[in-house]
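Numbering starts at 1 and runs along the sequence shown. Start at 1 and go down the list; that is how both ligands and their atoms are numbered. The basis for the numbers below is simple: all heavy atoms, side chains too, and nothing from hydrogens, waters or symmetry mates.
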Amino acid sequence: MSNFDFDLFTIGAGSGGVRASRLAAQYGARVGVAEEYRVGGTCVIRGCVPKKFLVYASEYGHGFEDARGYGWSTENISFDWSKLIENKDDEIDRLNGIYIRNLKNAGAEIYQSRATLKDRHTIHLHAEDRDVTAEKILIATGGAPWTDDTVPGHDLGITSNEAFHLKTLPKHIVVAGGGYIAIEFACIFRGLGCDVCLVYRGEDILRYFDRDISVQVHSELKRKGIRVITQAVFDKIEAHEGDRKRIYLSNGAELETDLVFWAVGRKPATGGLGLEEAGVELNKAGAVVVDEYSRSSVDNIFAVGDVTDRVNLTPVAIREGAAFAESQFNNTPTQMDYRFIPKAVFSQPPVGSVGYAEFEARNEFKNIDIYKTNFRPMKNMLTGSEERVLMKLVVDADNDRVLGCHIVGPEAAEMIQCIAIAVKTGCTKADFDQTVALHPTIAEELVTMREKYKAPI
Ligand code: NDP
């Protein structure tokens with residue numbers, strides 16, 4: 001046994017930190033974990049999980065409209081924002097309790113405190129004003145949303161952190177950004193009946209995705225009544241009468257709104273942790289630089305999850321945490337595999353995507369075949385909704401391997417989780433073709449696309 005208080009001390013009890021700490025403790029390590037906010041981290045407390053509850057709530061908004069085509073009367077429907085937030089908070093409290101119990105049951109000690117490094121083995125616990133020592137330290141502090149402080153009045157806006165606790169549902173909202181959070185929250189608020197305007201600095205929202213996805217989501221946002229302004233940013237925000245705000249845009253336009261919502265990305269939470277003082281190298285974005293075993297430039301300090309700014313998704317942080325624990329506490333050197341990670345944007349309709357976008361495949365492979373289809377799903381024939389489904393396969397023409405699959409449509413996220421198994425294990429287009437369709441479903445189109453797409457001349 002080492003002379004340190006702990007074999008492992010983890011700073012940050014989010015998805016990555018909790019998984020690493022639990023596993024390490026189960027492998028016999030003496031583990032301490034410090035969390036300054038709530039155990040569970042962004043995903044459970046103010047990210048993926050509460051967001052999904054808001055998505056479900058919002059989908060009912062469109063669902064009631066659609067139900068009329070199926071014979072339902074939907075008069076006198078009302079919505080209670082505070083009830084939703086109260087129920088959501090109860091569930092988050094329950095999950096928070098489970099996370100705490102799981103850590104304790106594994107034998108880890110939890111400290112409700114901000115923790116900072118004093119040196120490569122010493123951690124200062126602020127709430128208790130004392131130091132503890134550890135042989136290995138894991139930084140798992142995640143990331144945090146930011147607002148652009150070069151914009152006068154930027155602090156009149158909120159971020160996703162505050163969106164989960166709004167006292168009332170605003171009538172009008174302006175969202176800045178064109179990434180995951182901007183699109184998801186624009187759809188959430190629209191489904192709940194708000195007027196929503198999205199302001200994006202570029203041309204194609206969700207620009208990291210296949211371009212067909214960007215275009216499809218953009219047109220579905222507009223179909224839902226969301227105003228999308230591209231190639232513009234906020235120049236200035238001013239407080240106005242009755243708690244309203246006026247936004248001055250770079251294109252000369254002015255918007256008046258009840259709520260300004262910044263969704264312009266997240267930054268690694270490394271500020272003031274004492275990392276640089278301990279010799280830990282950070283990159284330009286402030287993320288901890290790590291090797292393939294999540295080891296930082298100081299050999300007993302490791303980092304997993306969003307704080308390393310690799311692939312910022314919960315299941316990735318969990319895998320990185322597990323790989324770290326296997327490597328350091330179970331004598332099984334393990335690296336995270338970053339290929340073919342499925343992704344979803346919980347827009348309405350949602351996006352599911354795995355593997356190469358067409359533009360990425362064309363950069364890396366010589367010959368690419370594209371299969372795609374765009375159709376109005378059967379359910380909408382009776383609802384009158386014009387919402388469409390997009391499906392696209394990117395195939396390596398030289399060996400027939402399916403390199404990527406991209407879907408915009410109902411249950412796209414559920415579909416892509418299953419398709420990801422096929423794509424990751426190297427299925428060919430012929431394997432897709434040989435799979436019998438399941439009728440009538442939306443997903444059957446994935447195995448019935450026969451014609452290669454030829455771009456119109
Ligand atoms: P994203 O990186 O997805 O999007 C940030 C957006 O803000 C981009 O459109 C970006 O434009 C724009 N932007 C950046 N800087 C500025 C600026 N100064 N002024 C105006 N616009 C700006 O970040 P999010 O905050 O949406 O999400 C953070 C991360 O959280 C995601 O990358 C994802 O990993 C994770 N996440 C995952 C979800 C899921 O899995 N469903 C849901 C929510 C979050 P540009 O495109 O031009 O760079």
Check whether the ring centres of Tyr356 and Phe365 lie less than 6.0 Å apart, and answer yes or no. yes
For a quick check under 3.5 Å, do His172 and Thr257 share a side-chain donor-acceptor pair by atom type? yes
Give a yes-or-no answer on whether the side chains of Gln231 and Tyr200 include a donor-acceptor pair shorter than 3.5 Å. no
Ala437 to Val447 - nearest heavy-atom pair and separation: CA-CG2, 3.8 Å
Which of these passes side-chain contact (heavy atoms from CB on, under 4.5 Å) with Lys372: His406, Lys392, Glu445? Lys392
Among pairs that include at least one residue of residues 310-326, which meet salt bridge (Lys or Arg N to Asp or Glu O under 4.0 Å), considering only residues two or more places apart or in two chains? Arg310-Glu320
Proximal protein residues to ligand 1, non-hydrogen atoms under 4.0 angstrom: Lys51, Trp146, Asp148, Gly177, Gly178, Gly179, Tyr180, Ile181, Glu184, Tyr200, Arg201, Arg207, Tyr208, Val233, Ala263, Val264, Gly265, Arg266, Asn312, Leu313, Ala344, Phe346
